[in-house]
Amino acid sequence: MKINKVKLFLCIIIILGIIGITTYFTYAESKEDKQGNADIKYEKTNMITNFRLGISKFDSINPHITQNKDVIQIASLIFEPLLTITQDYRVENCLTKEWSKVSEKSYIIKLKENVKWQNNNEFIAEDVKFTIEQIQDNKKSIYLENVKDIQKAEVVDKHTIRLELKKEIPFFEYRLIFPILSQKQYEGKDMAKSKELPIGTGKYKITRLDKEVIELTKNENWHNIEKEDSNIKAITISLYKDMGEVYNSFRLGNIDLIHTKNNQYEEYIGSMGYQKKQYPGREYDYLAFNCKDSVLQNVEVRQAIQKTIDKGKIVSSVLEEKAYVANLPLDYGNYLAKDLKWGEVFNQEEAKKILKDNGWKFEYGIWSKEIEGRTRTLNFTITVQEKNKQRVKVVEEIKKQLETIGIQVTVKKVSENEYKSILINHNYEILLTGVYNGYSPELNVFLGEGNLADYQNTEINSLLKEISTMSSEDSQKEAYQKIAETWRREVPYLGLYCNQVTVAYGQSVRGEVTPNNYSIFYQFSQWYRQ
């Protein structure tokens with residue numbers, strides 16, 4: 001009986017073993033099949049290597065002549081700068097091998113030696129000198145601001161150029177992002193009248209340009225192609241009369257990507273059937289406080305106003321979530337501002353306490369205090385441009401919020417001429433205004449000498465002078481944290497929000513789309529259509 005049981009047990013083990021082995025090989029075969037099928041599927045995938053873009057109100061593909069921001073974006077695929085800007089707004093080499101600041105007003109730039117123009121001519125320092133002088137001569141170039149403070153561009157040797165500045169410029173390297181043009185192509189010619197197809201050093205070259213379309217093809221001799229070989233072999237850029245036509249073409253699937261600051265874009269393209277990425281723009285709106293005003297020079301008043309205003313409510317109720325709360329000008333993604341600690345500020349009860357602790361009394365619906373023998377009240381005029389309807393709505397919301405704790409507000413809407421006069425003469429109490437931020441982390445315009453708020457702080461001024469020369473990123477971040485803490489504590493300005501920018505792209509687009517204000521074409525080498 002025992003023997004039969006043992007035999008039965010052995011038979012079961014053998015059978016289970018056979019099943020196990022069979023299952024393993026079946027699984028392995030199936031896995032191999034699936035992997036093989038996946039490879040076959042990938043090979044059979046229709047990877048479309050032509051990308052389609054659109055431009056409205058096209059003027060010129062030459063980046064030094066155009067006033068069209070879409071052209072500037074696309075031109076970055078054709079022409080290259082000395083330095084470029086990364087996704088988190090650092091500068092890095094492009095046509096340069098290295099650069100150095102040799103004195104307060106002097107820079108040495110060494111160029112890469114393996115770069116060819118798209119007609120196979122060698123890229124040299126003379127091209128850089130020519131480009132700088134050409135921009136300085138062309139007062140309408142959008143890059144004039146980049147080079148206006150260059151006193152002299154001196155060719156040291158074939159691949160080295162020295163720049164002498166008129167004055168010291170903090171973070172001057174951020175200005176070296178203008179596209180370089182070929183001296184041999186344009187010297188002695190009128191760029192605006194030239195019929196030649198412009199050549200660059202970039203990853204794509206122009207092969208066709210007429211009234212309806214621009215065609216770009218891959219530059220197989222691009223100096224960086226080994227590191228960043230692109231899937232896209234050709235780009236077709238259709239030219240449209242206006243942005244409405246661009247939206248319609250995108251909606252119909254005739255172009256693959258649009259880039260817009262228009263918050264009403266969904267009215268034109270709908271809300272479905274495409275992918276999108278949104279990011280904080282460079283349009284930064286804020287309240288400036290006149291720090292010389294007899295009442296607003298008191299920091300506790302500015303702190304109370306800061307505590308009373310709910311920025312999140314402004315963004316949600318007035319701007320319909322089509323903006324981003326921004327405390328500092330750098331809150332558009334700059335690497336030096338990403339880790340800054342700011343924390344929650346809005347607290348209306350704390351605002352009242354700050355005022356009471358500093359001798360302000362709330363009676364008969366108004367805050368008052370004796371200052372230098374006179375009774376002062378918290379009753380302010382906020383000035384705003386009459387024609388800027390969005391800012392007018394924002395001011396009305398700020399007025400409501402401040403009046404909830406008894407700070408009285410009069411809204412003053414002014415004409416463009418009066419607004420410009422206010423900016424020059426600083427004749428205001430509180431001003432709702434804004435700037436179009438540069439890429440540089442430089443904050444002198446807000447906190448340096450002659451700033452709009454007439455704010456003075458010697459420690460901050462010293463930091464601003466030192467910060468651009470600090471060799472350590474950790475030291476720079478530490479300095480910016482001090483600036484942020486002082487900004488929040490002393491409130492010369494109250495940052496409100498920055499605009500929202502949208503990149504919408506077709507469902508067939510593959511690859512990582514990671515735009516910022518400098519470029520929408522990061523990771524473009526990985527893109528393709530399917």
Output the distance between atom [atom1] ([X]) and atom [atom2] ([Y]), rounded to the nearest 0.5 Å.
{"X": "M470", "Y": "I467", "atom1": "CE", "atom2": "CD1", "value": "5.5 Å"}
{"X": "D88", "Y": "N516", "atom1": "CG", "atom2": "CG", "value": "9.0 Å"}
{"X": "K389", "Y": "K387", "atom1": "NZ", "atom2": "NZ", "value": "10.5 Å"}
{"X": "R282", "Y": "K261", "atom1": "CZ", "atom2": "NZ", "value": "8.5 Å"}
{"X": "C94", "Y": "L176", "atom1": "SG", "atom2": "CG", "value": "12.0 Å"}
{"X": "I177", "Y": "Y518", "atom1": "CD1", "atom2": "OH", "value": "5.0 Å"}

Using 4.0 Å as the upper bound for N to carboxylate O, is an ion pair formed by [Y] and [X]?
{"X": "K420", "Y": "E416", "answer": "no"}
{"X": "E122", "Y": "K184", "answer": "no"}
{"X": "K166", "Y": "D149", "answer": "no"}
{"X": "R208", "Y": "D210", "answer": "yes"}

Does a side-chain heavy-atom distance below 4.5 Å link [X] with [Y]?
{"X": "W99", "Y": "L111", "answer": "no"}
{"X": "I214", "Y": "L239", "answer": "yes"}
{"X": "Y143", "Y": "N138", "answer": "no"}
{"X": "F79", "Y": "P198", "answer": "yes"}
{"X": "T383", "Y": "L432", "answer": "no"}
{"X": "T236", "Y": "V213", "answer": "yes"}
{"X": "F171", "Y": "S468", "answer": "yes"}
{"X": "R175", "Y": "V147", "answer": "no"}

Note to self: Applying salt bridge (Lys or Arg N to Asp or Glu O under 4.0 Å) to K393 and E397, what does each step give before you reach the verdict?
What the structure shows: CA-CA 6 Å; K393 289 179 183 178; E397 175 60 30; over 6 Å; no
Self-check item: Verdict with reasoning, S230 to Y204, per side-chain hydrogen bond (donor to acceptor under 3.5 Å, both in side chains)
Solution: CA-CA 10 Å; S230 179; Y204 292 90; 2.9 Å; yes
Exceeds 12 heavy-atom contacts within 6.0 angstrom, atom [atom1] of [X]:
{"X": "K105", "atom1": "NZ", "value": "no"}
{"X": "K338", "atom1": "NZ", "value": "yes"}
{"X": "Q456", "atom1": "CD", "value": "no"}
{"X": "E226", "atom1": "CD", "value": "no"}
{"X": "K276", "atom1": "NZ", "value": "yes"}
{"X": "K189", "atom1": "NZ", "value": "yes"}
{"X": "K413", "atom1": "NZ", "value": "no"}
{"X": "K477", "atom1": "NZ", "value": "yes"}

Mutual orientation of the aromatic rings belonging to [X] and [Y] [parallel < 30°, tilted 30-60°, perpendicular > 60°]:
{"X": "W527", "Y": "F521", "result": "tilted"}
{"X": "Y89", "Y": "Y439", "result": "parallel"}
{"X": "Y247", "Y": "Y268", "result": "parallel"}

- Per the side-chain contact (heavy atoms from CB on, under 4.5 Å) rule, which among V128, T84, T201, L83 passes with L95?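 Option passing the side-chain contact (heavy atoms from CB on, under 4.5 Å) with L95: T201.
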* Asked: Any side-chain donor-acceptor pair under 3.5 Å between T502 and Q278?
  ->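 On atom types as modelled, these side chains qualify, holding a pair under 3.5 Å.
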**Prompt:** Does the side chain of W117 come under 3.5 Å of the side chain of D127 through a donor N or O and an acceptor N or O?
**Reply:**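 W117 vs D127: donor-acceptor pair found between side chains.
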(message) Set out, in order, the CA-CA distance, both residues' side-chain angles and the distance that settles salt bridge (Lys or Arg N to Asp or Glu O under 4.0 Å) for E168 and K101, then state yes or no.
(response) CA-CA 11 Å; E168 185 175 15; K101 183 177 181 179; 3.0 Å; yes
Minimum heavy-atom separation for [X] to [Y], with atom names?
{"X": "A125", "Y": "T160", "result": "CB-O, 3.7 Å"}
{"X": "E126", "Y": "Q183", "result": "CB-OE1, 3.4 Å"}
{"X": "H259", "Y": "D70", "result": "O-OD1, 4.2 Å"}
{"X": "G281", "Y": "Y332", "result": "O-CB, 3.5 Å"}
{"X": "A484", "Y": "L328", "result": "CB-CD1, 3.8 Å"}
{"X": "E164", "Y": "S106", "result": "OE2-OG, 3.1 Å"}

Evaluation steps, side-chain hydrogen bond (donor to acceptor under 3.5 Å, both in side chains), between T66 and D59: CA-CA 6 Å; T66 186; D59 50 5; 2.6 Å; yes
Before you tell me yes or no, could you show the steps for Q87 and Q523 under side-chain hydrogen bond (donor to acceptor under 3.5 Å, both in side chains), namely the whole-Å CA-CA distance, both residues' side-chain angles and the distance that decides it to 0.1 Å?
CA-CA 10 Å; Q87 286 174 251; Q523 325 296 336; 2.8 Å; yes
Does [X] have its ring centroid less than 6.0 Å away from the ring centroid of [Y]?
{"X": "Y107", "Y": "F172", "answer": "yes"}
{"X": "F51", "Y": "F524", "answer": "yes"}
{"X": "F250", "Y": "Y274", "answer": "yes"}

Pair N263-E320, side chain to side chain contact (heavy atoms under 4.5 Å, CB included): steps then yes or no: CA-CA 9 Å; N263 288 330; E320 300 175 338; over 6 Å; no
task: List the steps, then state whether side-chain hydrogen bond (donor to acceptor under 3.5 Å, both in side chains) holds for W222 with D229.
output: CA-CA 9 Å; W222 184 45; D229 192 10; over 6 Å; no
Check: Under the 6.0 Å and 45° cation-pi test, does K311 pair with Y286?
Finding: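 No; the conditions do not both hold, so K311 does not lie above the ring face of Y286.
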- Query: If you draw the axis of the six-membered ring of Y335, does the NZ or CZ of R90 fall within 45° of it and under 6.0 Å from the ring centre?
  - Reply: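 Pair R90/Y335 counts as cation-pi.
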Residues forming a side chain to side chain donor-acceptor pair (under 3.5 Å) with E442, sequence neighbours excluded:
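Scan of E442 (side chain to side chain donor-acceptor pair (under 3.5 Å), adjacent residues dropped) gives N444.
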**Asked** Of E80, K203, K116, which meets side chain to side chain donor-acceptor pair (under 3.5 Å) against H223?
**Response**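 Among the candidates, only E80 passes.
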Notebook entry, point to check: What's the verdict on ring pair (Phe, Tyr, Trp, His ring centres under 6.0 Å) for Y324 and Y497, showing C-alpha distance, side-chain angles and the deciding distance?
Noted result: CA-CA 5 Å; Y324 297 88; Y497 51 83; over 10 Å; no
Criterion ring-ring contact (aromatic ring centres under 6.0 Å, His included) against Y493, the qualifying member of F446, Y455, F289: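 The residue from F446, Y455, F289 that satisfies ring-ring contact (aromatic ring centres under 6.0 Å, His included) with Y493 turns out to be F446.
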